[in-house]
There are 2 protein chains.
Amino acid sequence: MTRRTTDIPAPPWRTGKRPVRQPLSQDAIVAAALRLLDAEGLDAVSMRRVAQDLGTGPASLYAHVANKDELIELVLDEVLGEVVDEAERVAAASDLDWRDAVRTVTRTSRRAMQRHRDIARAAMVGVPLGPNGLRVSEAYLGILTGAGLPDQIVAWGVDRLSLYVTADVLEGAFYRNRGFRNESDARRYWTQVGDYLRSLPPDRFPHTVRMVDAMMTGDSDERFEHGLDMILDGLARHLP
Amino acid sequence: MTRRTTDIPAPPWRTGKRPVRQPLSQDAIVAAALRLLDAEGLDAVSMRRVAQDLGTGPASLYAHVANKDELIELVLDEVLGEVVDEAERVAAASDLDWRDAVRTVTRTSRRAMQRHRDIARAAMVGVPLGPNGLRVSEAYLGILTGAGLPDQIVAWGVDRLSLYVTADVLEGAFYRNRGFRNESDARRYWTQVGDYLRSLPPDRFPHTVRMVDAMMTGDSDERFEHGLDMILDGLARHLP
DNA sequence: ACCTGAACACCGTTCAAGT
DNA sequence: ACCTGAACACCGTTCAAGT
């Protein structure tokens, strides 16, 4: 009565398992979360959506990550993986001026985070402690130590530099993620803001009204470099 | 058969309206949201909870605020209201050194945001454009202009200064809000982080291992002042 | 050990209906 | 004009049950 027969082998494509889905793993979960982040932003990275993309339910993820916060931390460290090589290369290049070395590492970090929507929201938590985050920190510490700065200035300097890069990306991410999709939407918004500021009563907001153009000048890259130069100047004052 | 009688006046406490609940208004909604923020943090400020605290349903709020984002913006401006007086006083005090004036305004902003949990998350969006935010910005612009800095440096300087203050508060808010409630919880966490960093392989993380103590040195106030001094030094280089 | 369905206790926003 | 109940389409996390 049973249809099971042992005299002929089962066809090789009949594995007896579920379709093609690869088994769940932390790497697969992080990869799916990163895809979701890139496609739709950090708010779209929910346990439910990640699970769905992996063909399972949200409860299944909890065997591989403690909770959503931990998952996002892992995604952030994955992103910082894109910075490690360049950071370590620059830290090892002893011929490079320390200012240029810092500029290169900060720019590389900034670009990496910018490539991944509003992931910077997850980095606003002090120095990242994942394996890749630690390697980037180590590179910073090496560069500033090599410059001849005292340990205390180096330690605090890296803290403030990381904070600055993250804050800059985060501020920019807001405009990229929310409100408007394309560049002309953004321009229209800023024109509106400028017009509004110019329309303020000049007796109560004299400086604001006068400086609207100066405030609107420069793209986000210029502002970033300007702030970075301020920090570098501040650091340089502590050279012996 | 009806119990309505017109020959005797209704008792004065019988208004014919619902109990005592004050009518809904934007101010009442913002006040309720602020109470919720202070009591339980920004994540607790949901349209549903705010409505509940006002004795109504979430849908009723949409007659007075466009959406949750707008409500949070209004709450932020309410908080910045705590900064306006001091900022304008300092900006008007012509005898004050511009560095000290900037220090005072940034410290006042920082303290105000620190008093309200993780409200800084809402400020990470460029210069706030609410009435109180604009008055604080105007004060900054006045102080830096009075210092003799060129317009472009002033405009970008205020942008970077605001960003710095917000980022610093936001970083600190993470540790205050998440993970642990009291000071000894925080100390235990940092001890753990320090121990972990010290345990890293010294050949791959020589600077990290060596500088653990320097990285742990100083409370958040000292770090803030250190970073602020770096920015002020960076600004001062642009004085004629 | 890993995975699952179902449930719990939540979200922001819309909309037709009421006053 | 303002307010409401109900609904829609979501959340993170837990837990008993399965393999």
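Letters A, B, ... are given to chains in the order of the sequence lines, protein chains preceding strands, and every chain is numbered from 1. Worth knowing before you read on, the calculation uses all heavy atoms, side chains too, and leaves out hydrogens, waters and symmetry mates.
Contact check, A:Ser60 against C:dT4: a side-chain N or O comes under 4.0 Å of OP1 or OP2. Taking side-chain N and O atoms only, B:His64 has no distance below 4.0 Å to OP1 or OP2 of D:dA1.
Between the CG atom of A:Leu24 and the P atom of C:dT4 there is a distance of 7 Å, given to the nearest Å.
Using a 4.0 Å cut-off between charged nitrogen and carboxylate oxygen, B:Glu138 and A:Arg204 do not count as a salt-bridge pair. Between B:Asp221 and B:Arg111 there is a salt bridge, with a side-chain nitrogen of the basic residue lying less than 4.0 Å from a carboxylate oxygen of the acidic one.
Pairs of residues two or more places apart, or lying in two chains, that qualify as side-chain hydrogen bond (donor to acceptor under 3.5 Å, both in side chains) and include a residue from residues 77-88 of chain A are A:Asp77-A:Asn132, A:Glu82-A:Arg115, A:Glu82-A:His116, A:Glu86-A:Arg89, A:Glu88-A:Arg135. Contacts classified as salt bridge (Lys or Arg N to Asp or Glu O under 4.0 Å) and involving residues 165-175 of chain B (residues at least two apart or in different chains) are given here: A:Arg160-B:Asp168, A:Arg160-B:Glu171, B:Arg110-B:Asp168.
A:Gln26 and A:His64 share no side-chain donor-acceptor pair at under 3.5 Å.
Side chain of B:Arg223 to main chain of A:Trp156: no donor-acceptor pair is present (N/O by atom type, distance under 3.5 Å, no hydrogens or angles).
In DNA chain C, stems built from 3 or more consecutive Watson-Crick or G-U wobble pairs, each with both distances under 3.5 Å, span C:4-8 with D:12-16, C:12-16 with D:4-8.
Partners of A:Tyr140 under the ring-ring contact (aromatic ring centres under 6.0 Å, His included) rule, at least two apart in sequence or in another chain, do not exist in this structure. Among residues two or more places apart in sequence or in another chain, the salt bridge (charged side-chain N to carboxylate O under 4.0 Å, His left out) test is passed with B:Glu225 by B:Arg107.
Rounded to whole Å, the separation between the P atoms of C:dA9 and D:dA9 comes to 23 Å.
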- Query: Nucleotide by nucleotide, 5' to 3', does protein get under 4.0 Å of the base (B), only the sugar-phosphate (S), or neither (-) in nucleotides 8-19 of chain C, counting heavy atoms?
  - Reply: ---BBBBB----

